[in-house]
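So that the names make sense, note that chain A is the first sequence line, chain B the second, and so on, each numbered from 1.
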Amino acid sequence: MFKKILIANRGEIACRVIKTARRMGIATVAVYSDADARAPFVQMADEAVHIGPSPASESYLIADKIIAACKATGAEAVHPGYGFLSERTSFAEALAKENIAFIGPPVNAIAAMGDKIESKKLAKEAGVNVVPGFVGEIRDTEHAVEISNEIGYPVMMKASAGGGGKGMRLAYDEKDVREGFESVKREGLNSFGDDRVFIEKFILNPRHIEIQILGDQHGNTLYLNERECSIQRRHQKVVEEAPSPFVTEKMRKAMGEQCVALAKAVGYYSAGTVELIVSGADPTGESFYFLEMNTRLQVEHPVTEAITGIDLVEQMIRVAAGEKLEMTQDDVKIDGWSIENRVYAEDPYRGFLPSTGRLTRYQPPVAGWTDDGAANGRRGVDGVRVDDGVYDGGEVSIFYDPMIAKLITWGKTRDEAADLQVAALDRFELEGLGHNIDFLSAIMQHPRFRSGELTTGFIAEEYPEGFHGAPTDENVTRALAAIAGFMASAEADRARRTDGQLGDRLDPPAKWQVTIGGTSHKVKLGHKHIKVDGDKVDIALEYTPGDRLVVAEIDDSELAVKVAKTRTGWRMTTRGAIHDVRVLPWHVAPLASHMIEKIPPDLSKFLICPMPGLLVALHVGEGDAVEAGQPLATVEAMKMENILRAEKSGVVKSVNAAQGDSLAVDAVILEME
Amino acid sequence: MSANIAEMERRRAAARLGGGQKRIDAQHAKGKLTARERLDVLLDEGSFEELDAYVEHDCVDFGMQDQKIPGDGVVTGSGTINGRLVYVFSQDFTVFGGSLSKRHAEKICKVMDKAMLAGAPVIGLNDSGGARIQEGVASLGGYADVFQKNVLASGVVPQISLIMGPCAGGAVYSPAMTDFIFMVKDSSYMFVTGPDVVKTVTNEVVTQEELGGAITHTTKSSVADLAFENDIEALLAARDFFDYLPENNRSGVPARPTSDPYDREDKSLDTLIPPNANQPYDMHELIRKTVDEGDFFEVQSAHAGNIICGFGRIEGRTIGIVANQPLVLAGVLDINSSKKAARFVRFCDAFEIPIVTFVDVPGFLPGTAQEYNGIIKHGAKLLFAYAEATVPKITVITRKAYGGAYDVMASKHLRGDLNYAWPTAEIAVMGAKGAVEIIFRSDIGDPEKIAERTKEYEDRFANPFVAAQRGYIDEVIYPHSTRRRIALGLRKLRNKSLENPWKKHDNIPL
């Protein structure tokens with residue numbers, strides 16, 4: 001076994017690998033860029049080597065620097081993590097030349113699977129289903145019908161040069177083909193000057209399901225069940241789970257065996273993943289087709305670990321050291337259900353705009369897990385595992401992936417795992433930048449998610465107008481009202497303990513008007529109960545002024561609410577939604593009706609210089625479409641660069657200043673349409 | 001007997017009705033509460049005790065003798081806010097437009113006298129059309145009487161003004177002389193002369209809101225401290241604000257229980273200062289993570305953002321916080337920020353509120369705009385205020401403390417009691433680049449040499465230890481221990497006793 005390994009990666013995956021290596025008694029070496037000098041993985045590793053400036057192209061992507069670091073520290077092997085150099089044959093080859101082991105698959109397998117067309121060919125040869133289609137010249141409508149009948153309906157007829165939805169037509173039967181073929185040809189010719197058409201099987205209700213492969217260098221290859229990753233946004237995975245709610249035992253076996261066949265065909269060893277597209281419309285489960293193979297550890301590997309008890313990182317290290325797998329296919333079982341949510345630094349309330357900066361507060365719901373080697377050790381604390389590489393006061397840098405953390409839960413059932421997610425997300429405290437915690441919670445509660453009827457279009461179909469918070473049911477609203485009233489009384493009670501009281505200490509008000517989402521509730525605090533609108537709420541809670549997380553027990557279940565004081569109440573965040581809650585003493589409440597609701601003046605049309613300074617950069621020009629939060633201009637004042645961002649999406653109408661201008665405070669830099 | 005009681009009830013009811021239902025409705029239609037309703041929101045429920053409800057004016061000109069409304073346009077008295085005594089007056093716009101008569105002024109003066117005697121703060125709710133023109137000079141005299149009371153009360157009991165309607169002409173000078181002014185957006189304004197006069201005299205066309213609205217006064221003029229959306233928000237905020245204030249200049253700061261441990265460490269502060277010295281950071285984060293429960297009441301937040309002033313608590317006891325804000329203009333000291341902080345420091349000193357200063361200041365803002373407008377005199381105000389303050393003064397330098405601005409920001413030399421520095425502190429006459437260009441002027445043509453000299457200067461001065469070696473810094477501390485250090489310091493300084501030499505009063509450069 002290796003004595004020392006180097007992790008050619010950063011962030012959560014570097015931490016993840018270090019944990020297992022440490023348990024195995026292997027020393028670890030981290031490599032880091034300027035931006036990561038303070039990062040936890042650097043602290044965690046036994047040794048750390050600085051490899052250059054912040055951009056990955058000048059640090060993490062430079063193989064020579066990694067190899068130099070190996071030599072300098074005497075590391076015998078490199079774990080590449082995912083991304084960066086993990087799937088570069090040149091890197092694996094360079095390591096081999098230096099006699100440093102690569103903790104991953106053989107070079108030829110990376111090469112074979114790295115080529116999209118080549119890998120499809122190999123898959124077909126190995127007996128793996130590929131999406132049926134016809135590539136070649138289609139003579140006429142009759143020929144098209146013939147081809148379509150052969151493929152099986154529905155089929156998609158596409159103009160070869162088509163795109164953007166143009167020159168595409170779906171055919172559910174022969175009649176559709178007869179009616180549509182000529183018009184697709186015409187559209188192709190008119191729009192793209194090319195009338196060639198190809199026909200391909202159309203995958204109805206497509207689901208993204210993948211098979212985890214694990215092989216050793218002695219010809220043993222296993223499949224470690226599937227993961228479903230259908231919930232994606234712009235091809236970026238958001239939620240992953242194992243097993244898949246769609247996959248039956250029979251289907252699992254069929255998929256697994258085909259994928260093992262492919263792995264064997266290319267002499268694969270180590271961990272790898274075969275991605276498949278599956279038609280959710282075919283109840284037989286036979287409609288699964290090869291997409292591509294990822295020749296590395298996947299981001300979502302923890303869900304497989306949680307249900308199989310197998311430590312994938314440990315296995316990769318053992319395989320790279322030449323050890324034989326100690327298990328057989330029969331040993332690979334499914335125990336319970338696991339779901340992973342990716343916590344991203346992007347703001348779903350502002351069009352999923354990426355957000356970077358300082359984490360002014362970072363408190364994950366559970367402390368980091370320690371790898372004690374037990375099979376369920378990788379299920380975290382009480383079924384909640386957080387894989388992260390950030391910390392309270394840390395930075396989400398502009399240079400790398402915007403993923404902050406992975407939240408993995410394990411339960412006996414799918415619902416249990418999803419419920420754990422909701423509870424853990426409610427307790428996930430993250431401030432300083434935009435994040436998608438509410439959005440993840442909304443998905444976890446979504447009836448369609450719960451039903452398991454997933455497709456890769458889930459997010460686009462369920463949130464066509466973007467995300468504005470999860471719907472809040474009446475019971476939660478009532479609970480929030482009760483909590484708000486309780487907190488208000490506790491605050492008032494404490495305020496009345498200030499010294500210098502004129503008389504005996506006053507009792508705090510017991511009656512409050514709590515307004516949530518435009519609806520007002522009467523909250524009355526009794527001796528041992530709270531009434532909301534006259535009805536008792538079965539609730540037990542504690543609140544000490546200053547608390548930021550309130551956990552209330554309601555009807556034997558817990559509701560965790562993040563709370564932040566505002567001028568007239570609290571901002572309460574729970575169950576995937578933010579509520580600006582107004583709390584008024586009951587005697588004041590009737591007066592609130594006289595207050596005039598104000599529409600804030602629309603200054604967002606103008607980008608105004610907030611300070612006198614030098615306009616060092618204009619990031620947009622007239623007519624440019626910008627998204628909310630996008631940097632528009634950089635103003636330097638007192639040698640500090642301040643980035644001015646768009647308050648909302650729109651189009652730049654006019655630019656009133658030029659780069660290099662000295663601007664006065666309140667100068668209009670640009671105007672939006 | 002019962003007839004007497006009935007008469008009292010009748011008179012009380014008449015007083016409570018003020019200018020009548022029609023005018024009350026008109027007030028409501030404008031989104032404004034009545035004088036009494038405002039007091040109901042401001043004070044603890046049922047705590048208001050009225051004085052002078054039956055006072056009427058004595059004007060006999062212009063038919064005024066036939067128009068008398070008990071109370072004469074102002075409701076006065078006392079009550080409690082979270083159990084602590086406060087004297088109040090609330091002008092009633094439904095009665096003669098809240099205009100100030102001689103009697104109206106006398107009522108205000110009476111509560112101010114009582115407040116001074118009892119050592120309790122005064123909160124005035126302003127909503128007045130101005131002088132009672134029918135009374136002529138008697139009304140003007142009334143104003144001056146109030147002004148005189150304001151001045152005598154200044155520094156004795158805290159005075160807070162809420163502007164909740166018009167406040168124009170001479171009337172502005174009473175709130176102007178109180179300690180803090182809150183305004184309500186859209187329904188309040190303050191100016192010496194209104195838009196009509198402005199138009200006649202200067203041909204300038206300007207709206208009331210632009211000339212003297214809440215936004216104008218909280219951003220541009222700094223006349224007011226904070227702007228609120230409506231009456232209720234302003235009044236509830238005034239309650240919260242009041243909780244921080246001492247009752248008078250001898251009572252000491254109020255204390256209330258807190259469960260926030262004095263020695264709470266916040267490791268995230270260890271990375272607050274960005275690795276790159278030219279990168280700003282938000283000083284609010286340090287403030288929030290230092291004070292009890294993250295509760296910070298900022299004043300003048302929309303004006304001169306390069307300095308932050310406000311109240312927080314440590315171990316339940318009020319402190320005043322002054323902090324440079326690197327996020328705005330790099331935290332530089334300029335005219336506006338100096339004036340803003342100077343007045344705040346003086347308020348704290350007057351009322352025995354300990355001052356905690358967080359320093360990250362690159363110096364004074366250069367330029368003709370600053371020099372022509374008197375940065376020398378205005379900068380001196382802050383220096384003066386810190387130097388004369390005898391309350392406990394604890395200073396933490398987080399990053400830059402350059403030049404004269406280092407001296408100004410509650411330095412050891414200005415009788416700072418505890419002067420701490422983070423390891424990232426740089427206490428020097430100026431930044432390395434500027435210093436090198438002066439010291440090694442002859443090397444300017446040689447960038448290599450300059451770089452070398454700059455490095456040399458940085459190594460020598462870009463740290464807190466040079467200052468610490470001289471005792472100007474008492475200790476270099478971990479950022480995460482800032483709260484504990486401040487809390488312990490305040491405990492030990494609780495009985496601090498320091499007096500300036502006797503003088504009639506000082507001569508701060510106004």
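- Of the listed residues (Gln501(A), Arg358(A), Arg38(A)), the greatest number of heavy-atom pairs within a distance under 4.5 Å of chain B belongs to Arg358(A).
- Annotation: the span from Ser47(B) atom OG to Leu502(A) atom CG amounts to 9.0 Å, rounded to 0.5 Å.
- Looking at Asp282(B), neither its backbone nor its side chain comes within 4.5 Å of chain A, counting heavy atoms on both sides.
- To the nearest 0.5 Å, the span separating CD on Glu491(A) from CG on Asp240(B) amounts to 9.0 Å.
- Ranked by non-hydrogen atom pairs under 4.5 Å with chain B, the options Ile596(A), Thr498(A), Asp34(A) are led by Thr498(A).
- Neither the backbone nor the side chain of Asp260(B) comes within contact range of chain A, judged by heavy atoms closer than 4.5 Å.
- Atoms OG1 and CG, on Thr360(A) and Leu286(B) in that order, are 13.0 Å from each other to the nearest 0.5 Å.
- Figure legend: Arg567(A) and Phe297(B) shown as a cation-pi pair, the cationic atom lying under 6.0 angstrom from the six-membered ring centre and within 45 degrees of its axis.
- Within a 6.0 Å sphere centred on NZ of Lys30(B), other residues, nucleotides and ligands contribute more than 12 heavy atoms.
- Pro275(B) touches chain A through backbone and side chain together, each having a heavy atom under 4.5 Å away.
- The most heavy-atom pairs under 4.5 Å with chain B, out of Asp392(A), Leu359(A), Thr568(A), Thr544(A), come from Asp392(A).
- Interface check for chain A: of the options Gly31(B), Ala369(B), Ala255(B), Pro274(B), the most heavy-atom pairs under 4.5 Å are formed by Ala255(B).
- More than 12 heavy atoms of other residues, nucleotides or ligands lie within 6.0 Å of CD in Gln43(A), so this atom counts as buried by the packing criterion.
- For Tyr362(A), no part lies near chain B; criterion is any non-hydrogen pair under 4.5 Å.
- With a 4.5 Å cut-off on non-hydrogen atoms, Leu272(B) touches chain A through its backbone and its side chain both.
- Of all the listed residues (Lys565(A), Arg505(A), Glu395(A), Met595(A)), the one sharing the greatest number of non-hydrogen pairs under 4.5 Å with chain B is Met595(A).
- Heavy atoms closer than 4.5 Å to chain A are found in the side chain of Glu285(B), but not in its backbone.
- Summarising the geometry of Pro545(A) relative to Ser259(B), their closest heavy-atom pair is O-OG, 4.2 Å, with the distance given to 0.1 Å.
- The number of heavy atoms from other shown groups lying within 6.0 Å of CG (Asn276(B)) is above 12.
- Proximity to chain A (any heavy atom under 4.5 Å) is restricted, for Ala29(B), to the backbone atoms N, CA, C and O.
- When each of Arg497(A), Arg361(A), Arg496(A) is checked for heavy-atom pairs under 4.5 Å with chain B, Arg496(A) comes out on top.
- At most 12 heavy atoms of other shown residues, nucleotides or ligands fall within 6.0 angstrom of atom NZ in Lys114(B).
- Between Leu584(A) atom CG and Glu233(B) atom CD the span is 10.0 Å, to the nearest 0.5 Å.
- Classification of Asp499(A) and Arg256(B) as a salt-bridged pair fails, no side-chain N sitting under 4.0 Å from a carboxylate O.
- Within the 4.5 Å cutoff, side-chain heavy atoms of Arg494(A) are placed close to those of Glu293(B).
- Ranked by heavy-atom pairs shorter than 4.5 Å toward chain A, the options Pro254(B), Ala237(B), Pro257(B) are led by Pro257(B).
- Contacts of Arg239(B) with chain A are made by side-chain atoms alone, with heavy-atom separations under 4.5 Å and no backbone atom involved.
- Leu591(A) touches chain B through backbone and side chain together, each having a heavy atom under 4.5 Å away.
- Neither the backbone nor the side chain of Asp292(B) comes within contact range of chain A; no heavy atoms are under 4.5 Å apart.
- Between chain A and the options Leu236(B), Asp40(B), Leu33(B), Thr258(B), heavy-atom pairs under 4.5 Å are most frequent for Leu33(B).
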